[in-house]
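Remarks on the structure that follows.
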2 protein chains.
Amino acid sequence: MKNRLKVERAEQSLSQADLADRIGVSRQTINSIEAGRYVPSTILALKLAQVFGKPVEYIFMLEETD
Amino acid sequence: MKNRLKVERAEQSLSQADLADRIGVSRQTINSIEAGRYVPSTILALKLAQVFGKPVEYIFMLEETD
DNA sequence: CCATATTGTAAAACAAACTTTACATTCTAA
DNA sequence: TTAGAATGTAAAGTTTGTTTTACAATATGG
C-alpha cells in the first residue's frame with residue numbers, strides 16, 4: 001500500500017512530530033508509515049484523512065501486491 | 001470505531017464467508033470486525049470499501065473513544 | 001420438522017502494529 | 001558555519017490483528 005502522507009504533510013508544513021501529536025501516536029509511527037515499513041490501522045487512517053481533510057482513498061492506495 | 005459491514009453485507013446478500021473470500025481473509029476476521037472485537041488494517045478497510053463501492057469513511061466511523 | 005447454511009465465539013499460535021529509547025544523518029535558519 | 005530542528009532507522013518490548021481449528025447456537029428453505 002502506498003500513501004501520500006509526506007506530500008500532504010509538506011503542503012501543510014507539518015513535521016512528523018506535529019502530525020504525530022495531532023493524532024496521538026509516536027513520531028516513529030508516522031515515519032514508519034511514510035517509509036512503508038508498515039500499514040496503519042483503520043483508526044489511524046481515518047484520523048490522518050481527517051487531519052488533511054481528504055478521503056482515506058486519496059491518502060492511501062492499494063497496490064497489486066496487497 | 002463503528003462500522004456498517006453487517007448492513008452493507010445484508011444489502012448485497014453476502015454471507016460473512018462470501019465477503020471473507022472476496023477480500024482474502026478468514027471468516028472469523030469478518031465476524032470479529034463486525035462484532036467490534038478489533039479494528040482492521042487500512043488495507044482491509046480499503047478492500048471492504050472497494051467491494052461495497054463506497055468510501056472508507058462511509059463504512060467505518062471514528063468514535064469519541066478512538 | 002429436518003438438513004444445511006450462517007453466525008457467534010473461543011483458544012492457541014503467529015504476524016504485524018505501535019511505543020520507547022537511542023543515535024546518526026540531513027536540513028535550515030541565524 | 002554552527003546550533004537546533006527534522007528525519008531516518010534500529011532494537012526490544014507490548015499490544016493488537018489475523019489464522020486455524022473447533023464447536024454451539026441460530027436462522028432458513030424445502
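Order of the sequence lines sets the chain letters (A, B, ...), proteins ahead of strands, with each chain counted from 1. Hydrogens, waters and symmetry mates are skipped; everything else that's a heavy atom, side chains included, is used.
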- Query: Is the distance from OP1 or OP2 of C/dT6 to the nearest side-chain N or O of B/K6 less than 4.0 Å?
  - Reply: no
- Item | Options D/dT18, D/dT7, C/dA17, nucleotide nearest the side-chain atoms of A/N31 | D/dT7
- Query: Which whole-number value in Å describes the distance from A/Q16 CD to C/dC27 P?
  - Reply: 13 Å
- Query: Between the side-chain atoms of A/Q28 and the base atoms of D/dT7, is any donor-acceptor pair under 3.5 Å?
  - Reply: no
- Base, sugar-phosphate alone, or nothing: which one does A/S26 contact when heavy atoms must sit under 4.0 Å apart? base
- Do the side chain of B/K47 and the main chain of A/L62 share a donor and acceptor less than 3.5 angstrom apart? no
- Measure from CD1 on B/I43 to C1' on C/dA16 and round the result to the nearest Å. 11 Å
- Query: Hey, does the side chain of A/T29 come within less than 4.0 Å of C/dT19's phosphate (OP1/OP2), counting only N and O?
  - Reply: yes
- State whether A/S41 places a side-chain N or O below 4.0 Å from either non-bridging phosphate oxygen (OP1 or OP2) of C/dC18. yes
- Donor-acceptor contact present, side-chain B/D21 to main-chain B/D18, <3.5 Å: no
- Query: Counting only heavy atoms not in B/K54, do more than 12 sit closer than 6.0 Å to its NZ atom?
  - Reply: yes
- Is any side-chain nitrogen or oxygen of A/R9 closer than 4.0 Å to OP1 or OP2 of D/dT7? yes
- Which of these nucleotides, D/dT7, C/dC18, D/dG8, is closest to any side-chain atom of A/E34? D/dG8
- Value in whole Å for how far the P atom of D/dT7 lies from CG of A/L14: 10 Å
- Closest to the B/L44 side chain, choosing from D/dT18, D/dT9, C/dC18: D/dT18
- A/S41 backbone acceptor or donor facing B/S41 side chain under 3.5 Å: no
- Message: Between P on C/dT7 and CD1 on B/I33, what's the gap in Å once rounded to a whole number?
- Response: 14 Å
- Figure out the OH/C1' separation between A/Y38 and D/dT14, and round it to whole Å. 13 Å
- Message: From the set C/dT9, C/dC18, D/dA6, return the single nucleotide nearest to any side-chain atom of B/R37.
- Response: C/dT9
- Message: Is there, by distance only and without an angle test, a donor paired with an acceptor across the side chain of B/R27 and the base of C/dG8 below 3.5 Å?
- Response: yes
- Query: Is B/F52 close to B/L19 at the side-chain level, that is, under 4.5 Å between some pair of heavy atoms?
  - Reply: yes
